[in-house]
Number of protein chains: 2
Amino acid sequence: MSVIVDPNAVQEMDEEWESEAATSGDTGLDEEEEDDGEPKICRVCGDRATGYHFNAMTCEGCKGFFRRAMKRSIHLSCPFQRSCVITKNNRRQCQACRLRKCLDIGMRKELIMTDEAVENRRALIRRKKQMRRVTVSAEVQTGLTSEHQLLIQELTQAQNQTFDRSFSHFHHFRPVERSPLRSCHSAESFDEYVPTSYGQIWRGGSGGSSPEDPYLTHCHQDPMDTMAPDSLHKSENSAERKVFCMLPHISDLSTYMIKGVISFAKVLAPFRELSIEDQIALLKGAAFELTQIRFNTLFNSTTGLWECGKLEYDINDASLAGFKALLLDPLLKFHYILKKLNLQNEEYSLMQAISLFSPDRPGVKHSERIDQLQEMCALALKSYIDTRRPQHEKKFLFPKIIRCLTELRSMNVEYCKQVVEIHDIQPDNSPLIMEVFSRGND
Amino acid sequence: MSVIVDPNAVQEMDEEWESEAATSGDTGLDEEEEDDGEPKICRVCGDRATGYHFNAMTCEGCKGFFRRAMKRSIHLSCPFQRSCVITKNNRRQCQACRLRKCLDIGMRKELIMTDEAVENRRALIRRKKQMRRVTVSAEVQTGLTSEHQLLIQELTQAQNQTFDRSFSHFHHFRPVERSPLRSCHSAESFDEYVPTSYGQIWRGGSGGSSPEDPYLTHCHQDPMDTMAPDSLHKSENSAERKVFCMLPHISDLSTYMIKGVISFAKVLAPFRELSIEDQIALLKGAAFELTQIRFNTLFNSTTGLWECGKLEYDINDASLAGFKALLLDPLLKFHYILKKLNLQNEEYSLMQAISLFSPDRPGVKHSERIDQLQEMCALALKSYIDTRRPQHEKKFLFPKIIRCLTELRSMNVEYCKQVVEIHDIQPDNSPLIMEVFSRGND
DNA sequence: GATGGTTCATTTAGTTCA
DNA sequence: TGAACTAAATGAACCATC
């Protein structure tokens, strides 16, 4: 039964039969005098129109309705007979017919801005607003453009808000356990995970370690010393002893730090404005790097310790958590080198931002925008250095920082790999860690 | 069905009038006092009114009463003279008269949300509540892994981007032509392609469905009724009349929908990463299924119509395009059954993805990867249902959806066959359709 | 000035529970 | 049953860009 039978059709003497057939109702009242000044009447509901909206003369109500209904993109069904006459007073009673009428009279959904366009617009407006707030004088005084100033301000603020230097939560972590461990694995499989060459490389090259090496004066036992002899025995008494004795604690520490950097990112307006998808991709890609940058601020290059309140860690703790020299060698080097640059909080924050806004992380969709952000951060860092650092530092500091970021990035891959490997042996890592690192980064 | 007589069509924009009668022919009541500040008095019982409810100024009591009474849909009878005067104090004494009064003053049952709509609303609220807690993927237990979350997000985004619900292109299709057709073909060839058994099967003939089958009680004309008598006459005046009068339009509609699902696939990153060869194989294999899944979102199971803006189609339209009961019977059944599941956008999108990534389509080269993708989509759907659906739905929804997909797949073959057969008789199909369907699928 | 989006008080669905 | 809720949709007034 060719269903589109419309009783109204008979009454319609308008030229365009079909465009009216389903909904008609405006009975040509507003049509005839279109000559010049259009009648300010909503073509959908007959209310007072406020101009053309999405290509049709409509009222504010129908304008908003059309935008919202199209964005919701769900199918609406008329509870009546699909032929409701839309009027000012009944327009809310049938969304389906109202929307159909909108389309009938030529409203076009292409004229609705996409979510992305809206986001860009919002970002633009926000930036301009802030820009306006910052006076030009400030720019003159600091030598930084107000845009850079604002950015740096936002970053350091985010950093301070989300980097807990009280270390008060560290007590909730699973306990520190540095004592010799007993393997449930065979000697060779264990060898695979704790490199024998570790000590040599660490201790500075050719000859073994000299006691005065700053980063070796600490209480780490070589796991091999105590463990190898036992490694073929099955664990007899100590059910809790793990192969990677520090893993539970280090895992909780990492998890905590990751939550911190996630908060850091989420506090940043330009980050929040990205799609959720991209936010996740960026965080997955940068989590390791950001935590290491933050750890660097806690690093004491004299003692080789990361000082976290009353707890402190050395590189061997990482090896006791199962990480191998292939990662730990360059990582420790990184910390010494970066520490030497003696960065300020602003610079650390900018570094984090540059790492975070890496447009080439796997899974990133809108890389252009992220690229912009990264570039802005880099420029801000450059300007900051130029204006705040003494002459002799200006020249090389920026490239050195960038170099550190590059090194960090190259460790990222290895880190992810080792996390997964470790987890296969001893699944002590938190779900968050596994989620963030369990797929390839880069 | 010219039953839909709309009094408003004749009446001009008479302010008071319109507020009352959207479509139904209810007595336009006298709204003498409504001028500006309406009296906040319940039109049913005289109690203090709280606003318009179901199209009438009523109190909270009558609002709730009306909803419940209409939903219960049982017959009420007055213990008195069927003429009780309803007041605030006696309103509970006679439900029958109270309800009658409600209807009299213009309360409309259509403005009560359907059970389906309510369910959707609940689901949406549930989803939003969960969403509120989500910051970054794993941070919070959404019950979905971030991988699944991302997948679902990508799919729904692709769906929204590529499924044009404005139906604005439908006007460019060749015209709808539902009138009786005249054959240019010889009787026998005609008979061959418009199955004589069609009507019987449809109407519940020998082998078939019983009349009370919900999906068979609908108003389709049997093409044979009008056509058979004429089938021996050659077309005398109408050169344009075709054997399959709806074919041109339906063909353009199908072509358009296929373009839509191709776009859907092409927007998906995991799809784009497949070899071009496999992309083509998958699309050829799934085009029919995807379009049908999309059509289901437009299907109104109350009316048996697919609602596409101001156009609407019923199953008979497909038969007027030459499709036969062997396809159309199970297809209509499929639409009723799937619709009943009341799926959300996310679930429809996942369904499409599962169908799309079928590793066993003819011509597929790298089936392992596709198998992976399909499995991931299936798992995502399962988790989605587990986390977003109420307890009682969790159990069977997933298998039911899979069952629908199986059914759809089995129709795929028959569809391809009929498309080719139809094209042999009346080559109105677009090249795209022929390209997609002209070789065996499965 | 024209026409996009934004804001937020208001309206009116459904929900809860005594 | 209905008073007191919650929340989505609405639209008037507004802001911003071109």
Side-chain angles (χ1 to χ4, degrees), chain A residues 37-38 40 42 44-45 47-72 74 76 79 86 88-96 98-99 102 107-129 131-132, chain B residues 19 38 40 42 44-45 47-72 88-95 98-99 107-129 131-132:
Chain A
E38 49 277 59
K40 289 279 201 177
C42 175
V44 177
C45 70
D47 195 2
R48 190 179 61 81
T50 59
Y52 281 90
H53 301 296
F54 310 105
N55 199 44
M57 177 64 67
T58 72
C59 64
E60 283 297 307
C62 291
K63 161 192 162 186
F65 170 77
F66 183 73
R67 186 194 318 101
R68 284 189 295 254
M70 290 315 265
K71 283 208 151 178
R72 257 179 294 148
I74 48 162
L76 299 169
I86 308 297
K88 170 172 165 37
N89 293 306
N90 73 8
R91 65 191 176 196
R92 297 189 234 184
Q93 304 194 338
C94 179
Q95 296 181 312
R98 189 183 189 183
L99 182 57
C102 286
M107 295 181 80
R108 290 177 34 214
K109 82 159 192 235
E110 303 83 62
L111 298 180
I112 300 172
M113 289 168 78
T114 63
D115 288 343
E116 200 183 346
V118 168
E119 258 326 309
N120 288 339
R121 182 175 178 275
R122 270 200 274 248
L124 192 75
I125 291 170
R126 201 165 313 128
R127 238 174 296 148
K128 287 207 172 167
K129 251 186 191 149
M131 200 75 94
R132 237 170 279 149
Chain B
S19 79
E38 47 280 69
K40 287 277 198 180
C42 176
V44 177
C45 70
D47 195 1
R48 191 179 60 84
T50 60
Y52 283 92
H53 300 296
F54 310 104
N55 199 43
M57 178 63 67
T58 72
C59 64
E60 283 296 309
C62 292
K63 160 192 159 188
F65 169 77
F66 182 72
R67 187 195 320 101
R68 284 190 295 257
M70 291 313 268
K71 282 210 149 177
R72 261 181 288 143
K88 172 172 165 35
N89 294 314
N90 75 1
R91 65 191 178 197
R92 303 175 195 211
Q93 325 244 301
C94 178
Q95 293 187 317
R98 189 183 190 183
L99 184 56
M107 293 180 82
R108 297 245 191 75
K109 72 164 188 301
E110 290 88 347
L111 298 180
I112 299 171
M113 288 167 76
T114 62
D115 290 341
E116 187 189 332
V118 168
E119 196 33 65
N120 284 337
R121 184 173 172 277
R122 284 197 193 122
L124 193 73
I125 290 171
R126 217 174 306 129
R127 239 178 306 162
K128 289 215 169 156
K129 269 199 179 128
M131 209 61 100
R132 224 171 288 152

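Chain identifiers are assigned alphabetically (A, B, ...) following the order of the sequence lines, protein sequences preceding nucleic acid strands; residue numbering begins at 1 within each chain.
One interatomic measurement links the two molecules: CD1 of A:Ile86 to P of D:dG11, which rounds to 11 Å at whole-angstrom precision. Regarding B:Met70, its CE atom lies at a distance of 14 Å from the P atom of C:dA13, rounded to whole Å. The distance from atom NZ of A:Lys40 to atom C1' of C:dA2 is 9 Å, rounded to the nearest whole Å. Look at CD1 on B:Ile112: it is 7 Å from P on C:dG14, rounded to the nearest Å. We find that CG of B:Leu111 is positioned 9 Å from P of C:dG14, with the value rounded to whole Å. Between B:Glu60 atom CD and C:dC17 atom C1' the separation is 14 Å, expressed in whole Å. Whole-Å rounding puts the B:Asn120 CG to D:dA9 P distance at 12 Å. When rounded to the nearest whole Å, the span between CD of A:Glu116 and P of C:dG4 equals 19 Å.
Regarding contacts with the backbone of C:dA13, every side-chain N or O of A:Gln93 stays at 4.0 angstrom or more from both OP1 and OP2. The phosphate of D:dG2 has OP1 or OP2 within less than 4.0 Å of a side-chain N or O from B:Arg92. OP1 and OP2 of C:dG4 both lie 4.0 Å or more from every side-chain N or O belonging to A:Arg108. Dashed line: the shortest gap from a side-chain N or O of B:Arg91 to OP1 or OP2 of D:dG2 is under 4.0 Å. Between A:Arg67 and the phosphate of C:dG5, there is a side-chain N or O to OP1/OP2 separation shorter than 4.0 Å.
Within the 4.5 Å cutoff, no side-chain heavy atoms of A:Leu99 are placed close to those of A:Arg72. The shortest side-chain heavy-atom distance between A:His53 and A:Glu60 falls under the 4.5 Å cut-off. Looking only at side-chain heavy atoms (C-beta outward), B:Arg91 and B:Val44 stay at 4.5 Å or farther from each other.
For A:Arg98, the side-chain atoms get nearest to D:dT10 when compared with the rest of D:dA12, D:dT10, D:dT17. Nearest to the side-chain atoms of A:Val118 among the listed nucleotides C:dG5, D:dA9, C:dT3 stands C:dG5. For A:Lys128, the side-chain atoms get nearest to D:dT17 when compared with the rest of C:dA13, D:dT17, C:dG5. Checking C:dG14, D:dA3, C:dT15 against the side-chain heavy atoms of B:Arg122 singles out C:dT15 as nearest. The side chain of A:Met113 lies closest to C:dG4 when the candidates are C:dT6, D:dA16, C:dG4.
Among the atoms of the strands shown, only primed sugar atoms or phosphate atoms (P, OP1, OP2) are found under 4.0 Å from some heavy atom of B:Gln95. Across all strands, A:Gly61 comes closer than 4.0 Å only to sugar-phosphate atoms, never to a base (heavy-atom distances).
A donor N or O paired with an acceptor N or O is found under 3.5 Å between the base of C:dG14 and the side-chain atoms of B:Lys63. Applying the 3.5 Å distance criterion, the base of D:dG2 shares a donor-acceptor pair with the side chain of B:Arg68.
Toward the 5′ end of DNA chain D lies the nearest nucleotide of B:Ala69, the other residue of the pair B:Ala69 and B:Arg48 mapping further downstream.
When each of A:Met70, A:Arg108, A:Arg67 is tested with A:Phe54 by the rule side chain to side chain contact (heavy atoms under 4.5 Å, CB included), just one qualifies, namely A:Arg67.
For the pair B:Arg98 and B:Phe65, the cation-pi criterion (under 6.0 Å, within 45° of the ring axis) is fulfilled.
Within a 6.0 Å sphere centred on NZ of A:Lys71, other residues, nucleotides and ligands contribute more than 12 heavy atoms.
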